[in-house]
There are 2 protein chains.
Amino acid sequence: MLKLSKLTDYGIVVMTHLAQEPYQVHAAGDVAVATRVAVPTVSKVLKRLSRAGLLVSARGSKGGYRLGRMPAAISVAQVIDALEGPFAITECASDGGSCSQESHCAVRANWQRINDTVWHALAGVSLADMVMAPAGESVVPVSAITVRPARRASR
Amino acid sequence: MLKLSKLTDYGIVVMTHLAQEPYQVHAAGDVAVATRVAVPTVSKVLKRLSRAGLLVSARGSKGGYRLGRMPAAISVAQVIDALEGPFAITECASDGGSCSQESHCAVRANWQRINDTVWHALAGVSLADMVMAPAGESVVPVSAITVRPARRASR
DNA sequence: GGAATCAGGACTAAAGTGGTCCTGTATGTC
DNA sequence: GACATACAGGACCACTTTAGTCCTGATTCC
C-alpha cells in the first residue's frame with residue numbers, strides 16, 4: 001500500500017520527541033506517556049531504534065534512551081530503514097518466479113530510479129526539521145494525510 | 001512497509017505493456033500471457049485501471065483494453081492512485097484515538113510535505129518514460145530493488 | 001539486596017493481501 | 001437470432017503480515 005507501518009509512524013514520533021532534548025535520557029515509560037502509545041509497544045520501537053544505532057540505551061535504574069547523534073544528523077529515511085529494513089518500494093512477486101526474468105524486465109531500471117528519488121525525499125528531512133514544526137506541544141502520532149483526493153474513477 | 005502491493009506492481013507492468021501499443025486493443029488473456037501473470041489476477045488489475053479511467057475497455061467479442069490517453073499523459077503516481085486509493089504515506093493509528101489530537105501534533109505538517117515530495121517523485125515518471133527503458137523485450141513484473149543495504153544496526 | 005530498566009524473543013489476535021471464481025451484461029460473428 | 005467471446009462487479013477463502021502483549025533474562029543504581 002505504499003504506506004508506513006504504525007510502528008514506523010510511532011518511531012518517527014518517538015524520535016521527534018527525543019530530539020527535543022537530545023542529551024536527556026528518557027525511560028520507555030516516560031516516552032510512552034509523552035507520545036500516548038502503550039508502554040510495550042513504544043518499548044518495542046525503542047529497542048529496534050536502539051539496535052539500529054539511532055538511539056543509545058542505558059540499562060538499570062535511571063536508565064533509558066537518548067539520541068545516538070544530533071537531530072540534524074538523523075533523517076526520516078534512516079528511521080524508516082531502522083524499523084522496516086531495506087528500503088524498497090517494490091518487491092518481487094513470486095520469489096524466484098517471474099523475477100528470474102530480471103534481465104528481461106524493462107521496468108526494473110526505472111523502478112530503481114524512482115525508488116532512489118523517493119528515498120532522497122525522505123533522506124532530506126532530519127529530526128531537526130521535524131522539531132522545528134509548528135506547535136511546541138506534545139508530539140503525538142498522527143497522519144492520515146491525504147495529499148490528493150483519490151483520483152478514483154469518474155464513476 | 002512503504003512498499004507497493006503486488007497488484008500495483010502488476011499494474012505498472014501491465015500499463016507499460018499496453019503503452020507499447022497505445023491504440024491497440026488487448027484482451028485480458030493476451031495481457032496475462034505477455035506479462036506472465038495469471039488471467040484472473042491480471043483481469044482484476046485491468047478492471048480497476050479501467051474504472052479509474054486510465055484504460056478504456058470494450059466488451060464482447062474482439063473486446064479488450066487500451067490506454068485511456070497517451071503514455072506521456074499517464075504517470076506512475078496515477079496508476080498507484082488508481083490501484084491503492086488515496087496516496088498517503090502515513091495513516092492514523094487508532095482511528096479517532098490519538099488522531100483526535102491532530103491539532104496538537106507537531107509532525108503533521110512535515111508529513112504533509114514529505115508525502116507531497118514522494119508523490120511528485122512518482123508523478124514525474126510517465127508510462128512513456130517507462131517504455132523508453134533498456135530492453136524492448138517482454139515486460140515482466142520484477143522489483144526487489146534495494147537501493148541501499150539495510151542500514152540495519154551495527155549489532 | 002532490591003528496585004528499576006533495557007534486551008531479546010515468543011506468542012496471539014486482527015487486519016490486509018493475493019488470488020480465484022461466479023453471475024451478469026455487452027458485443028461481434030455466423 | 002443464437003452463440004461464443006470478453007468485460008463488470010463483487011463474493012469468497014487462504015495466506016501473510018502486523019500490532020500489540022508478555023515473559024525471561026541481564027544490567028545498573030541506591
Side-chain angles (χ1 to χ4, degrees), chain A residues 1-11 14 18 25-33 35-53 55-66 68 83-85 90-95 97-98 141 143 152-155, chain B residues 1-11 14 18 25-33 35-53 55-66 68 83-85 90-95 97-98 141 153-155:
Chain A
M1 274 292 282
L2 198 55
K3 181 173 298 183
L4 294 174
S5 71
K6 280 191 197 177
L7 290 188
T8 306
D9 191 3
Y10 298 157
V14 164
L18 295 181
V25 172
H26 300 256
D30 297 339
V31 176
V33 170
T35 58
R36 307 191 189 187
V37 176
V39 175
T41 302
V42 84
S43 187
K44 186 181 203 171
V45 172
L46 286 166
K47 280 185 275 191
R48 289 195 194 173
L49 292 169
S50 177
R51 204 182 332 176
L55 294 181
V56 171
S57 67
R59 286 184 167 187
S61 179
K62 302 279 181 181
Y65 301 87
R66 65 172 172 78
L83 293 170
E84 305 198 343
T90 56
E91 188 185 33
C92 188
S94 45
D95 38 2
S98 325
S143 324
R152 250 312 168 49
S154 36
R155 207 289 193 70
Chain B
M1 275 293 281
L2 197 56
K3 180 173 299 181
L4 294 174
S5 71
K6 280 192 198 175
L7 290 188
T8 306
D9 191 3
Y10 298 156
V14 165
L18 295 181
V25 173
H26 299 256
D30 298 338
V31 176
V33 170
T35 59
R36 308 191 190 186
V37 176
V39 176
T41 303
V42 84
S43 187
K44 186 180 204 172
V45 171
L46 286 166
K47 280 184 276 191
R48 289 194 194 175
L49 292 169
S50 176
R51 206 183 328 177
L55 293 180
V56 172
S57 67
R59 286 185 169 188
S61 180
K62 303 279 181 182
Y65 301 87
R66 64 172 173 77
L83 294 171
E84 305 199 343
T90 56
E91 190 185 33
C92 188
S94 45
D95 40 2
S98 323
S154 37
R155 202 274 195 81

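Every chain is numbered from 1, with letters handed out A, B, ... down the list of sequences.
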Interatomic distance where [atom1] belongs to [X] and [atom2] belongs to [N] [whole Å]:
X: B:Tyr65; N: D:dT5; atom1: OH; atom2: P; answer: 17 Å
X: A:Asp30; N: C:dA4; atom1: CG; atom2: P; answer: 13 Å
X: B:Arg48; N: C:dT20; atom1: CZ; atom2: P; answer: 14 Å
X: B:Glu84; N: C:dT17; atom1: CD; atom2: P; answer: 8 Å
X: A:Lys47; N: D:dC23; atom1: NZ; atom2: C1'; answer: 10 Å
X: B:Leu83; N: C:dT17; atom1: CG; atom2: C1'; answer: 13 Å
X: B:Leu49; N: D:dC7; atom1: CG; atom2: P; answer: 13 Å
X: B:Asp9; N: C:dG18; atom1: CG; atom2: P; answer: 10 Å

[atom1]/[X] to [atom2]/[Y] distance, rounded to the nearest 0.5 angstrom?
X: A:His26; Y: A:Leu46; atom1: NE2; atom2: CG; result: 10.5 Å
X: A:Tyr65; Y: A:Ser43; atom1: OH; atom2: OG; result: 5.0 Å
X: A:Leu55; Y: A:Lys47; atom1: CG; atom2: NZ; result: 13.0 Å
X: A:Arg48; Y: A:Lys44; atom1: CZ; atom2: NZ; result: 5.5 Å
X: A:Ser5; Y: B:Lys3; atom1: OG; atom2: NZ; result: 11.5 Å
X: A:Thr35; Y: A:Tyr10; atom1: OG1; atom2: OH; result: 9.0 Å

- Note on the structure: the helix from C:dG1-D:dC30 to C:dC30-D:dG1: angle between terminal helix axes, five bp per end, to the nearest 10 degrees, reads 20°

Write down the atom of [X], the atom of [Y], and the distance for their closest heavy-atom approach.
X: B:Ala32; Y: B:Val42; result: CB-CG1, 3.7 Å
X: B:Glu84; Y: B:Thr8; result: OE2-OG1, 2.7 Å
X: B:Leu83; Y: B:Leu49; result: CG-CD2, 4.0 Å

- Note on the structure: Once base and sugar-phosphate atoms are separated, protein heavy atoms under 4.0 Å mark nucleotides 13-19 of chain D, 5' to 3', with B, S and - as -----SS

- Message: If the cut-off is 4.0 Å, is A:Arg51 near the phosphate of C:dG9, judged by side-chain N/O to OP1 or OP2?
- Response: yes

- OP1, OP2 of C:dA7 versus side-chain N and O of A:Ser57: anything below 4.0 Å? yes

- Query: Which part of the nucleic acid does A:Gly64 contact within heavy-atom distance under 4.0 Å: base, sugar-phosphate only, or nothing?
  - Reply: sugar-phosphate

- For B:Ser50, report the nucleic acid contact type (base, sugar-phosphate, nothing); a contact means any heavy atom under 4.0 Å. sugar-phosphate

Every protein N/O within reach of nucleotides 25-27 of chain D N/O, cut-off under 3.5 Å:
| residue | atom | partner | partner atom | Å |
| --- | --- | --- | --- | --- |
| D:dT27 | O4' | A:Arg59 | NH1 | 3.0 |
| D:dT27 | O2 | A:Gly60 | N | 3.4 |

- Message: Could you walk me through whether B:Leu7 and B:Thr41 satisfy the side-chain contact (heavy atoms from CB on, under 4.5 Å) test, starting with their C-alpha distance in whole Å, then the side-chain angles of each, then the deciding distance to 0.1 Å, before giving a yes or no?
- Response: CA-CA 8 Å; B:Leu7 290 188; B:Thr41 303; 3.9 Å; yes

- Look at the side chain of B:Lys62 and the base of C:dG28, then say whether one donor and one acceptor between them are separated by less than 3.5 Å. no

